[in-house]
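Fair warning: this is a prediction, and the values are worked out from it, not measured in the lab.
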Amino acid sequence: MENKTMVSPLKQPIVFELQSFDVQPGNGPFLFFLALLAYIVVLLGNGVVISVIMIDKNLYRPMFIMICHLVVCDLLGATMVLPRLMMDLLMGIKKITYISAITQAFCAHTYGAAMLTILSVMAYDRYIAVCEPLRYHCIMTSARLHSCCALAWMVALLLIAVLFSFHMNVPLCGQIIQHVYCSNRGILNLACIPTPVSDIYGLAMTWSLSSVTFILIVFSYIRILSTSLKQGSKDSFLRSKAFQTCAPHIVVYVLFQIASLIIILSHRFPSLSQNTRKFFSILLFIIPPIINPIIYGLVSKDLRIFGTDENIRTHNDKIPYHIPQKIFNQCLEDSQRIG
């Protein structure tokens, strides 16, 4: 197996060496500046979004709480890759201990899995808001909201924990990881023995998670589209409001899938240079965390008007998006009489 530098298994403490970009002398500081700029944009963009949501109590609603979880996921992915890359570009630090390598790989894979599960939960929330508006507040209670968000993280963490459990008792015979960052496959490529169980589980887990989340999101938006068209035939404002609410989520999901597809396709073209492949591989940890806060900041009226006159935010902002005010008030009065 490639990358092996020793015949006998390595003993702890094991120190790996990351093979990052092949940088020409003198270009390291410039590339470091680009990586630093990207990381600053990630921190500022996501920091502003989560700060606005935490400060403004009018935004303590399911959609914005889920956006906070998405922001945390974006920060996790970018922080696990970019700081380490900057250290390599500026100071040439390529060595990484075994524990640090496992931690970085675990967080990188958790980022990918959690992004899909959180987006699925957000699709479920939009489905309830549009298709079951009169029951929305009864269904999406605070307890249900936090349970859904916790479930999204638990599923992602459990799947990745099982994946990395296959590292136990696997002897390693190499120290050079041919990648910009550590990954499950990058570490197991250094194993002294074949790891078919890990390979099969990794492929099955990736395929299953991608397929299930895709089906859930597509089903939700088919129902949302159908309901919006029916409602919109009577009131075009309701249809446009529903589309405006759901558009950011669709764009974020498509953007993440495109970034993932670029990584897959880059390995199907042997003519690409190693630097090009490595560059494509880190786009997944840079582009979504940079673009996502911009998408939600530009499209979401609630985030854009933060800091303006509080009278702009009416009670209409707190109800599901396509309930006429009269119907909502009547429903509220009926529920109070029943209670």
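A heavy-atom distance below 4.5 Å is found between the side chains of Leu145 and Met66. The shortest distance between side-chain heavy atoms of Leu18 and Val180 does not fall below 4.5 Å. Contact annotation: the side chain of Ile93 never approaches that of Asp88 to less than 4.5 Å [non-hydrogen atoms, C-beta and beyond]. A heavy-atom distance below 4.5 Å is found between the side chains of Leu119 and Leu70. In this structure, the side chains of Gln274 and Asp22 stay at 4.5 Å or more apart for every pair of heavy atoms. Side-chain atoms of Phe106 and Met80, non-hydrogen and from C-beta on, never get closer than 4.5 Å to each other. At least one side-chain heavy atom of Leu172 sits under 4.5 Å from a side-chain heavy atom of Tyr98. A 4.5 Å side-chain heavy-atom check between Ser100 and Phe16 finds every atom pair outside the cut-off.
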Practice task
Apply side chain to side chain contact (heavy atoms under 4.5 Å, CB included) to Phe32 and Met91, showing your working.
Solution key: CA-CA 10 Å; Phe32 163 80; Met91 297 178 286; over 6 Å; no
Handout entry: side chain to side chain contact (heavy atoms under 4.5 Å, CB included) between Ile67 and Met122, intermediate numbers included
Key = CA-CA 8 Å; Ile67 289 177; Met122 295 177 72; 4.1 Å; yes
Practice task
Please test Thr195 against His167 for side chain to side chain contact (heavy atoms under 4.5 Å, CB included), starting from the C-alpha separation and ending with a verdict.
Solution key: CA-CA 9 Å; Thr195 55; His167 285 259; over 6 Å; no
Problem - Residues Thr79, Tyr39; criterion side chain to side chain contact (heavy atoms under 4.5 Å, CB included); working and verdict - result: CA-CA 8 Å; Thr79 301; Tyr39 191 50; 3.0 Å; yes
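The aromatic rings of Tyr111 and Phe256 stand perpendicular to each other, their planes meeting at an angle above 60°, with 30° marking the opposite boundary. Using cut-offs of 30° and 60° for the angle between ring planes, the Phe166 and Tyr201 rings count as tilted.
Put simply, NE2 on His179 and CD1 on Ile187 are 11.0 Å apart, with the number rounded to the nearest 0.5 Å. Taking CG of Leu255 as the start and OG of Ser260 as the end, the distance is 9.5 Å to the nearest 0.5 Å. Summarising the geometry, atom CG belonging to Leu36 is positioned 12.5 Å from atom CG belonging to Leu31; distances are rounded to the nearest 0.5 Å. Atom CD1 of residue Ile55 and atom CD1 of residue Ile50 lie 11.0 Å apart, to the nearest 0.5 angstrom. Note that the SG atom of Cys138 and the CE atom of Met140 stand 12.0 Å from one another [nearest 0.5 Å]. In this structure, the separation between OG on Ser20 and CD1 on Ile177 is 12.0 Å, given to the nearest 0.5 Å.
No side-chain donor-acceptor contact under 3.5 Å links His69 to the backbone of Cys149. Proximity of a side-chain donor or acceptor of Ser120 to a complementary backbone N or O of Leu116 within less than 3.5 Å is detected. When atom types are taken as modelled, the side chain of Asn292 and the backbone of Pro288 share a donor-acceptor pair closer than 3.5 angstrom. Although no hydrogens or angles enter the test, the distance criterion places a donor-acceptor pair under 3.5 Å between the side chain of Thr213 and the main chain of Ser210. A donor-acceptor pair under 3.5 Å links the side-chain atoms of Thr117 to the main chain of Ala114, judged by distance alone. Checking side-chain atoms of Gln175 against main-chain N and O of Val15 turns up a donor-acceptor pair under 3.5 Å. In terms of modelled atom types and a separation under 3.5 Å, the side chain of Ser51 and the main chain of Val48 share no donor-acceptor contact. Without hydrogens or angle criteria, Tyr181 side chain to Ile282 main chain gives no donor-acceptor distance under 3.5 Å. Between the side chain of Ser281 and the backbone N or O of Lys278 there is at least one donor-acceptor pair closer than 3.5 Å. In this structure, the side chain of Asn275 does not engage the main chain of Phe21 through any donor-acceptor pair within 3.5 Å.
Few gaps surround CZ on Phe164; more than 12 heavy atoms of other groups in view lie less than 6.0 Å from it. Around atom CZ of Phe214, no more than 12 heavy atoms belonging to other residues, nucleotides or ligands sit under 6.0 Å away.
In terms of heavy-atom proximity, His137 sits nearest to Thr141 at O-CG2, 3.7 Å.
Transitive grouping of hydrophobic side chains (ILVMFWY, heavy atoms separated by less than 4.5 Å) brings Val41 and Phe30 into a common cluster. Using a 4.5 Å cut-off between side-chain heavy atoms of Ile, Leu, Val, Met, Phe, Trp and Tyr, with links allowed through other members, Met54 and Ile118 fall into the same hydrophobic cluster.
Of the residues listed (Asn46, Val252, Val251), the one engaging Tyr296 in a side chain to side chain contact (heavy atoms under 4.5 Å, CB included) is Val252, and it is the only one.
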